[in-house]
Every structure is written in structure tokens, then in C-alpha cells.
Amino acid sequence: LSVIIENKTVGPVWGHIEDEEGKISEHLGIPSQATRVATLKNYKKDKVYYFIPQSPPFQRVILEFNKTNYEIPSSKF
């Protein structure tokens, strides 16, 4: 399964995709205003997957499949 992630920020975003057990499927580096396609290795329909930005650090985001495009809401610190 492939996931498209778009970085609409003014700086690069580094992060990874992991499943509910913490197993990392893909590491990503996304330049500012760019899009990357990530392939989920060993995808299982019954598992929950997350995109976790590491730099800059943001909240963990659940990846929702079979949905049109959606934006990650900003969190309040």
C-alpha cells in the first residue's frame, strides 16, 4: 500500500510511519512544499498506522485509508 504525504510547511519534515506495535515501516524526508510517496511494508488491513514527524516534532497522526485528502490539524501546546 502506498501513502502520499505532502509537506506544506516552510521547512523540511523528517519522520517515519509505524504501526500500532511501534514497528517502523518507512522513513521519510520531505522538503518544504514537496510530496513523497511512502510504501507500507507488510501492510495489514486490521492494524492502525501513524505518521510521526521527528523534525520538527509534531503530534503522532493516525493515517486514515480509503479517504480523500485530509490535512493534519495543528495541535495546541
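Just so it is clear, the values below take in all heavy atoms, side chains as well, and ignore hydrogens, waters and symmetry mates.
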N/O donor to acceptor pairs below 3.5 angstrom from side-chain atoms of residues 43-50, sequence neighbours left out:
{"from": "Lys47", "atom 1": "NZ", "to": "Asp19", "atom 2": "OD2", "distance (Å)": "3.2"}
{"from": "Lys47", "atom 1": "NZ", "to": "Glu21", "atom 2": "OE1", "distance (Å)": "3.3"}
{"from": "Tyr49", "atom 1": "OH", "to": "Lys44", "atom 2": "N", "distance (Å)": "3.0"}

Check: residues 26-33 side-chain donor-acceptor pairs under 3.5 Å, at least two apart:
{"from": "Glu26", "atom 1": "OE1", "to": "Lys41", "atom 2": "NZ", "distance (Å)": "3.2"}
{"from": "Ser32", "atom 1": "OG", "to": "Thr9", "atom 2": "O", "distance (Å)": "2.7"}
{"from": "Ser32", "atom 1": "OG", "to": "Val10", "atom 2": "O", "distance (Å)": "3.4"}
{"from": "Gln33", "atom 1": "NE2", "to": "Lys8", "atom 2": "O", "distance (Å)": "3.0"}
{"from": "Gln33", "atom 1": "NE2", "to": "Thr9", "atom 2": "O", "distance (Å)": "3.0"}

Original post:
What's in the same ILVMFWY side-chain cluster as Trp14, cut-off under 4.5 Å, chained through other members?
Top reply: none
Original post:
Who passes side chain to side chain contact (heavy atoms under 4.5 Å, CB included) against Thr35, sequence neighbours left out?
Top reply: Ile4, Glu6
Original post:
Who else is in the cluster with Ile24 when I, L, V, M, F, W and Y are joined by side-chain contacts under 4.5 Å?
Top reply: none
**OP:** Determine which pairs satisfy salt bridge (charged side-chain N to carboxylate O under 4.0 Å, His left out) with at least one residue from residues 49-62, sequence neighbours left out, and list them in order.
**Re:** none
